[in-house]
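Reading through the structure tokens given below for one structure.
Just so you know, ligand 1 is whichever comes first in the structure, and atom 1 is the first atom listed for that ligand. The shown structure was predicted, so the numbers you read here are calculated from the model rather than taken from an experiment.
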Amino acid sequence: MIKAVRGTRDLLPPETALWNFVESAVRDVFRAYNFQEIRTPIFEETALFSRSVGEETDIVGKEMYTWQDRGRAESDRGQSLTLRPENTAGVVRAYIEHKLWDRGLNKLYYIGPQFRRERPQKGRYRQFYQIGAEVLGPPSAGSESPARDAELLEMLATLLDRLGITGWNLELNSVGCPNDRAKFNEALRKALEPVVGKMCADCQRRALSNPLRVFDCKVPEDQPIIENLPRISRFLDEPCRAHFEAVQAILRTVGVPFTLNDRLVRGLDYYTRTAFEFTHGALGAQNAILGGGRYDGLSEALGGPAAPGIGFAIGEDRLVLSLQESASAEAVVRRPDVYVAPLGARMNPDAARLARELRRHDLVVELGDETFRLKKSFEAATKAGAKYILIVGENEVKADAFALKNLETGEQISIVRSELAGKIQAGR
Ligand code: AMP
């Protein structure tokens with residue numbers, strides 16, 4: 001028997017109703033902040049990710065699904081392609097490729113699957129879904145302003161509140177600019193020198209190539225050493241410090257609570273200044289619902305014009321998991337308003353016509369067929385969770401009045417066609 005591949009999974013009803021509930025809230029909230037949707041391809045040239053996410057990251061180093069495509073001729077080696085492990089790189093590529101700044105498109109969001117070859121566990125999959133948004137644009141358009149950072153964070157707080165997710169925690173840090181990081185890296189290297197021999201193999205490698213990444217380490221034995229390392233907060237230059245202060249001041253004024261965490265460096269290389277994560281207690285080890293930050297140099301790193309920006313990616317799988325703590329899928333699923341039951345094969349056409357009329361009134365209709373006699377129809381209607389059952393027999397069609405039974409109260413009435421939809425709507 002063929003099963004879904006390790007790390008991938010089927011999302012089944014009624015859970016899919018929760019996913020739709022999340023996505024429609026996302027679209028509503030993002031719309032209010034004037035974000036518009038972008039859809040980029042699921043695979044891209046490998047170089048896009050190695051250049052933007054960074055060679056030294058776990059993602060590029062060991063988690064990407066990469067393959068050599070075929071060229072036109074049998075002997076041609078094609079391009080190296082990769083299933084996208086995240087979506088910011090694709091969005092920035094599209095921004096550059098279509099000169100989106102010329103069209104004033106500077107606030108974009110996406111919803112879609114991402115792929116990483118991670119060790120699967122609860123809340124961590126190899127195909128997972130991200131909801132993300134990016135604000136980017138020429139510096140002359142204000143894209144560097146701390147107002148953008150704060151607005152994005154406030155939008156996220158609004159979204160989580162709207163979804164009814166309580167108990168989230170916003171962790172905030174500034175990772176400074178390349179200048180600050182050069183000094184910080186220097187200090188980190190010095191501090192690591194005498195202790196790195198006692199650390200895990202990954203940390204030993206990171207200490208040489210990109211010491212900042214040491215803060216990504218999850219190995220318990222390394223944590224006391226990491227606790228004592230210097231922190232980026234001491235190395236921020238004046239503009240970076242002022243930017244960070246300004247973001248915090250807006251958040252305080254608009255009433256979005258946060259905690260400072262100067263260990264937060266995030267897994268991707270392209271972040272500058274503001275870095276953040278929202279965590280949720282109920283999620284256990286994989287407690288980050290979303291992460292993001294500023295990436296002022298990314299567009300240039302990909303060959304584009306200066307386009308400072310800030311964005312985030314929500315792990316939709318985890319968002320749904322934390323939602324299941326408070327809302328059950330059953331509560332957001334829409335069950336049929338009415339089950340239309342034809343009595344016998346000859347009644348199929350009339351039943352179909354009635355169902356068509358009712359659906360035009362925005363009712364959810366389950367249409368039965370000639371297979372079931374009356375008793376079976378009642379059973380089917382109950383199983384489908386329908387509120388009403390509508391009997392379509394020969395006498396009813398002749399009289400143009402139908403038997404409508406409320407399956408919750410047991411009340412049954414005879415009602416003329418023209419009043420049917422109104423009656424069912426009223427009873428919803
Ligand atoms: P990142 O792109 O690594 O900054 O991740 C952003 C968010 O995506 C995280 O906070 C998680 O919620 C989610 N995420 C990342 N990797 C996975 C994964 N393998 N499975 C499920 N969710 C993930």
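Shown here are the ring-ring contact (aromatic ring centres under 6.0 Å, His included) partners of F244, two or more places apart in sequence or in another chain: there are none. Evaluation of the side chain to side chain donor-acceptor pair (under 3.5 Å) rule for S80 yields T46 as partners, not counting sequence neighbours.
If you number the atoms of ligand 1 from 1 as listed, the ones under 4.0 Å from a heavy atom of L290 come out as 10 (O). Listed by number with element, the atoms of ligand 1 under 4.0 angstrom from any heavy atom of E118 are 16 (N), 17 (C), 18 (C), 19 (N). Counting the atoms of ligand 1 from 1 in the order shown, those under 4.0 Å from a heavy atom of A288 are 10 (O), 11 (C), 12 (O).
Annotation: I314 places no N or O atom under 3.5 Å from an N or O atom of ligand 1; distance criterion only. Annotation: R116 places an N or O atom under 3.5 Å from an N or O atom of ligand 1; distance criterion only. Backbone and side-chain nitrogen or oxygen atoms of Y125 are examined, and one is located within less than 3.5 angstrom of a nitrogen or oxygen of ligand 1. Looking at ligand 1, you'll find an N or O of I289 within less than 3.5 Å of one of its N or O atoms. Below 3.5 Å of separation, one finds an N or O of Q130 facing an N or O of ligand 1.
The heavy atom nearest to atom 21 (C) of ligand 1, considering only G315, S322, G123, is found in G123.
Remark: R294 fails to qualify as a cation-pi partner of Y271 under the 6.0 Å distance and 45° angle criteria applied to the six-membered ring. Relative to the six-membered ring of F235, K183 misses at least one condition, a distance below 6.0 Å or an angle of at most 45° to the axis.
Heavy-atom contacts from other residues, nucleotides or ligands closer than 6.0 Å to NZ of K423 number 12 or fewer. Other residues, nucleotides and ligands place more than 12 heavy atoms under 6.0 Å from the CZ atom of R31.
Note on ring orientation: taking the six-membered ring where Trp is involved, the planes of F30 and F35 are tilted (angle from 30° to 60°).
The proximity of I59 to ligand 1, defined as any non-hydrogen pair under 4.0 Å, does not occur for either the backbone or the side chain.
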